[in-house]
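Contents: one structure, followed by commentary.
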Amino acid sequence: MSESKDFLRTIVEEDLKSGKYKEVITRFPPEPNGFPHIGHAKSICINFGIARDYHGHCNLRMDDTNPTTEDMKYVEALKDAVTWLGFEWADKVYFASDYFPKIYDYAVQLVKMGKAYVDSLNEEEIREYRGTVTTAGKRSKFADRSIEENLDLLERMKKGEFKDGEHVLRAKIDMSAPNMKMRDPLLYRIRHAHHFRTGDEWCIYPMYDFAHCLSDYCEGVTHSICTLEFENNRDIYDWVLDELELKLPRPYQHEFARLGMNYTVMSKRKFLELVNDGYVNGWDDPRMPTIAGYKRRGYTAESILNFCDQIGIAKANSMVDVAQLEFCIRDDLNTKVPRVMCVLDPLKIIIENYEGEEEIDASCYPHDVPKEGSRKLPFSKEIYIERDDFMENPPEGYFRLTPSQPVRLKHAYILTCKEVVKDANGNIIEIKAEYHPDSRSGSDTSGIKVKSAIHWVSAKHAKAVEVRLYERLYSVEAPEGLEDLNPDSLHIIKNAFVEPAVITQKPDVRFQFERQGYFYADPIDYTDDLPVFNKIVGLKDSWTKKAEAPKSQTKKVLVEGTVAPMSEEEQVFFDKYTLAFGLNNEIANILARDAELSSFYEETLSFVNSPVSLANIVANEVARELKLEATLKFSAKEISELVTMIDEGTISNKIAKQVFEEMAKSGENPTAIVEAQGLTQISDPEKLKPIIDEVIAKNPDNVAKFKAGNTNLFGFFVGQVLKNSGGKANPTVVNELVTEKLKHV
RNA sequence: UGGGGAUUCGCCAAGCGGUAAGGCACCACGUUUUGGUCGUGGUAUUCAUAGGUUCGAAUCCUAUAUCCCCAUCCA
């Protein structure tokens, strides 16, 4: 769990605290038209996580309002995913289709209220009538139908008297709304299609915008959390719920940024293509970013949960690095999984001075993993090592076996190369070597220093297994389509050699193959005759990485923009403000370009002649309130009072901002606020000095840092003094005193 | 182009007027019979840019730039 809470939890907490809701109810509402992916995992973690954290509950609801794309097999996949991640939904799986009768009743109600109508325009006409982002749409002539006619038509739509596309039900909102979604959105369409749950009972189906908010409401959902692309739909969500005048409380929608990850696609449409056209072996192919894929590959639920926790929740579109996910699975498996040896690309070693065989008792966990367990490791004259672990002409920094460099066989003896045997083409076929009898692991008296220990397997005792190595599915950071697919994403090794201890285990187990990575016995294809292991993720490798070139970074390019010219009247104001009042250009500009601000400013000026101070506060503070609130709670006269207090030094600018906020919130008089709260500023150095001394005395560390050159800390001291004085200390005086004091400490 | 969002290190992300958190990645050193793990230290004088307000700005104001979403009878 991260220390700081995200913005959604902040909202939930506030809503609980204010009593808006007694209990938090969330929902995870996928459409069952594909397998859930890692992005769904994020959503699951958010919705179920928030419910868990605040002792509410989360519903699993299938948003099954489009009969043509949905299927029960996807419902099962969704249930599996949620369960596997370790969450439980409240009582049962909910379906939007269960609400079809209720939703229909609400539609009838809207029609009766005159807020919805049956439109008989065809699809193209509806599109045309909607207008564009810059031009208003126009309303259909059918919008004027009587309530009775609409009711009759809707009823007959439901009964199946019309063909697909003949009519639709629309909300009567505003065809010229700047938000395109609000231009009389469709509520129902006719679809003579078989629904996987309701069968042929219905031939009209509610649209997302109508069904979703009402489904949420029916379930008593409090926080309807969805992704950013639904921001524009929030207006409809609110419109439906408000116009229906439903009994409160009602849910509210909040949006977060969906998960984006490099080298990965997150689109169900693209997954469908990969699966259907055979680019991968099904939805659970270990290269797929589906939850089923990660599960099959060997990822643990804990690692995914941890990943979701680490990436955070915010509103900025972002692209998470897959390295973050890989870290999570390594981190989880490191302490959980036994170490074992497997040679992927074998090179035979004949140990000429070794006869017979022996069994070595080898621990399954390294010294830093606090777990018990060991296995018997057979050793004999002929062994296999990784081809990579021998080099005839090694580069500098190579720690493994070379003609002149001995190496330790992990858990066993130190080995020295004696002869390199090659075929006619010069390929190395085997190595003849010697072992050092007195170098046995744990009782080494040989005194030989070795740079590394390599993994190996006894040739006679090794078992052949199939190992499937996976690379990223896409070879570019931001993949678009098939052309970005990595042609080498799957590499199958038919004959990897594994030590005997590995195959005595059952499928559904994980190992670390030492120095290679983490592997998972494939839960489906693994058999006793042909054990199959999936590579989950490699170990961090700082040796091969050294060879790769660092990637270049691109700098941002700045583009100059243009500023709209001032109108004539604005120019008049601007000139007056700069020339007659002596305002700086920036402030004069802000005031002159905003008619509301300039008239407010002129009004304040009639009470007190302090053009600069007034301009500053109007252009900065008043401007903000005007943006936020439709009507101001304070008058021009009160602002002039506030400014007078600043000008006369009664209060500091800091206090003035505080007082201003009070005025904006409560509408109280500034003088009254200052008097009631005793906010008059303290400028007497004798009163301030003790406070400063105390702050200095209490923060010796920071004084030292300041002395060492961290001048940023100056603000810290001033801030502390101001805080201790209740904000009333005169900052200018405090600054002087603190500067002086710090010099002599 | 109208509307709605966003912009803090290579990648995520805290922060909401008073000392620029944390994680990943990266670098260095130490430990290590995994070139793993672990430990220690290093990585933003600066928060898209430019101005303004303030004793003090990532935080407030103004303008500009860039990116994302919306004109499916999909969700």
Side-chain angles (χ1 to χ4, degrees), chain A residues 2-4 30-31 33 63 65-66 69 123 126-127 130-135 137 164-165 168 177-181 183 186 188-191 207-208 212 228-234 255 257 262 310-312 314-321 323-324 327 330 334-335 339 366-369 397 399-400 408 410-411 441-442 444 450 452-455 512 514-516 539-544 551 553 556 558-563 584-587 589-590 593 616-617 619-621 623-624 652-654 657 702 705 710-720 722-723 730-732 734-735:
Chain A
S2 31
E3 327 69 34
S4 49
E31 182 189 11
N33 66 348
D63 213 354
T65 57
N66 182 1
T69 58
E123 215 174 319
I126 286 181
R127 215 186 343 267
R130 190 144 37 212
T132 71
V133 286
T134 45
T135 59
D164 285 8
V168 290
N179 178 358
M180 296 291 294
K181 294 267 176 195
R183 321 251 254 228
L186 275 61
Y188 264 98
R189 79 286 214 182
I190 300 171
R191 269 271 218 282
M207 303 290 291
Y208 165 85
H212 203 93
L228 247 30
E229 64 267 30
F230 291 99
E231 276 174 323
N232 295 317
N233 300 255
R234 189 175 56 228
E255 310 88 10
N262 56 11
Q310 284 184 15
I311 56 175
K315 294 192 80 144
N317 286 309
S318 54
M319 185 69 78
V320 176
D321 194 334
Q324 189 100 27
F327 165 81
R330 283 192 198 108
N334 179 42
T335 53
R339 318 289 137 127
H367 65 100
D368 50 306
V369 174
F399 293 166
R400 287 104 101 156
R408 172 171 297 280
K410 177 92 180 175
H411 296 122
S441 194
D444 184 352
V450 111
S452 73
I454 63 171
H455 59 98
Q512 183 193 107
E514 289 223 41
R515 304 208 302 133
Q516 310 268 19
L539 256 27
K540 228 173 110 175
D541 183 357
S542 43
W543 166 240
T544 50
K551 53 186 172 183
Q553 287 155 23
K556 287 168 198 161
L558 294 182
V559 184
E560 289 281 306
T562 51
V563 179
N584 70 39
N585 287 2
E586 182 69 20
I587 297 284
N589 195 32
I590 295 168
R593 281 174 183 270
N616 284 341
I617 204 158
N620 286 294
E621 315 306 313
R624 177 176 64 248
S652 63
N653 261 298
K654 188 186 175 77
K657 303 223 169 177
N702 283 336
K705 278 195 219 164
N710 188 346
T711 50
N712 279 358
L713 250 20
F714 186 77
F716 164 76
F717 293 116
V718 176
Q720 289 296 306
L722 250 53
K723 195 173 151 196
N730 181 328
T732 316
V734 172
N735 264 286

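All values reported here derive from a predicted model rather than from experimental measurement. Naming convention: chains lettered A, B, ... in sequence-line order (proteins, then strands); numbering from 1 in each chain. Side-chain atoms are counted along with the backbone in the values below, which use heavy atoms only and exclude waters and symmetry mates.
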When you measure from the side chain of [X] to the backbone N and O of [Y], does any donor-acceptor pair fall under 3.5 Å?
X      : Y      : value
A:N232 : A:N179 : no
A:N735 : A:P731 : yes
A:T69  : A:N33  : no

By the 4.0 Å heavy-atom rule, please label [X] as base, sugar-phosphate, or nothing.
X      : result
A:N653 : sugar-phosphate
A:N233 : base
A:R593 : nothing
A:Q512 : base
A:V320 : sugar-phosphate
A:L722 : base
A:Q324 : base
A:G442 : base
A:G561 : sugar-phosphate
A:V133 : base
A:E123 : base
A:D63  : sugar-phosphate
A:H411 : base
A:R515 : base

Go through it in stages, so that I can follow the logic: the residues are A:I587 and A:N620, the test is side chain to side chain contact (heavy atoms under 4.5 Å, CB included), and I'd like the CA-CA distance, side-chain angles, deciding distance and then a yes or no. CA-CA 9 Å; A:I587 297 284; A:N620 286 294; 4.0 Å; yes
Look at [X] and [N] and indicate whether a side-chain polar atom (N or O) is within less than 4.0 Å of OP1 or OP2.
X      : N     : result
A:T65  : B:A75 : yes
A:N616 : B:U54 : yes
A:R400 : B:U33 : no
A:N712 : B:A20 : yes
A:N232 : B:A71 : no
A:S542 : B:G36 : yes
A:S318 : B:A13 : yes

Write down the atom of [X], the atom of [Y], and the distance for their closest heavy-atom approach.
X      : Y      : answer
A:L186 : A:I126 : CD1-CG2, 4.4 Å
A:K315 : A:A257 : C-CB, 4.1 Å
A:T132 : A:M180 : O-SD, 3.5 Å
A:F327 : A:Q310 : CE2-NE2, 3.8 Å

Check whether the side chain of [X] and the base of [N] form a donor-acceptor pair under 3.5 Å.
X      : N     : result
A:N710 : B:U45 : no
A:E586 : B:G52 : no
A:E514 : B:G36 : no
A:N585 : B:G52 : no

Could you check which nucleotide pairs with [N] in any of the strands shown, counting Watson-Crick or G-U wobble with both distances under 3.5 Å?
N     : value
B:A50 : B:U62
B:G39 : B:C29
B:C9  : none
B:G2  : B:C70
B:A57 : none

Can you name the residues that form a side-chain contact (heavy atoms from CB on, under 4.5 Å) with A:L539, not counting sequence neighbours?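 Applying side-chain contact (heavy atoms from CB on, under 4.5 Å) to A:L539 gives A:Q512, A:Y518.
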Side-chain ion pair, A:E621 and A:R624, N-O less than 4.0 Å: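 Answer for the salt bridge query: yes.
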Separation of the C1' atoms in B:U54 and B:C61, to the nearest angstrom: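 Pairwise C1' distance, B:U54 against B:C61, rounds to 12 Å.
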Considering only atom C1', compute the distance from B:A63 to B:C73 and round it to an integer number of Å.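 After rounding to an integer number of Å, I get 43 Å for this pair.
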For the base of B:G18 and the side-chain ring of A:F716, does the geometry meet a stacking cutoff of under 5.5 Å between centres and under 30° between planes?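 It does not: the ring fails the test against the base of B:G18.
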With the six-membered base ring of B:A75 as reference, does the ring of A:Y208 sit under 5.5 Å away with planes under 30° apart?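 No, A:Y208 does not stack on the base of B:A75.
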How close or far is atom [atom2] of [N] from atom [atom1] of [X], stated in whole angstroms?
X      : N     : atom1 : atom2 : result
A:R234 : B:G4  : CZ    : C1'   : 8 Å
A:K315 : B:C12 : NZ    : C1'   : 18 Å
A:N589 : B:A50 : CG    : P     : 18 Å
A:R330 : B:U34 : CZ    : P     : 18 Å
A:R624 : B:C61 : CZ    : P     : 6 Å
A:E231 : B:G5  : CD    : P     : 7 Å
A:N317 : B:U66 : CG    : P     : 17 Å
A:K657 : B:U59 : NZ    : P     : 12 Å

Taking only the side-chain heavy atoms of [X] (C-beta and beyond), determine which of [options] contains the nearest atom.
X      : options             : value
A:A314 : B:U34, B:A13, B:C74 : B:A13
A:K181 : B:A71, B:A13, B:C24 : B:A71
A:S4   : B:A6, B:A75, B:A14  : B:A14
A:P366 : B:G35, B:U34, B:C74 : B:U34
A:N584 : B:A75, B:G52, B:C61 : B:G52
A:M180 : B:C74, B:C70, B:C61 : B:C70
A:R130 : B:U72, B:G23, B:A75 : B:U72
A:R191 : B:G35, B:C74, B:G3  : B:C74

Between A:V563 and A:F399, which has a closest nucleotide on RNA chain B that is more 5'?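 Of the two residues, A:F399 wins.
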5' priority, RNA chain B, between A:T711 and A:R339 [closest heavy atom]: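 Between the two, 5'-proximity favours A:R339.
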By the rule that syn is within 90° of 0, classify the base conformation of B:U53 as syn or anti.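 That one's anti.
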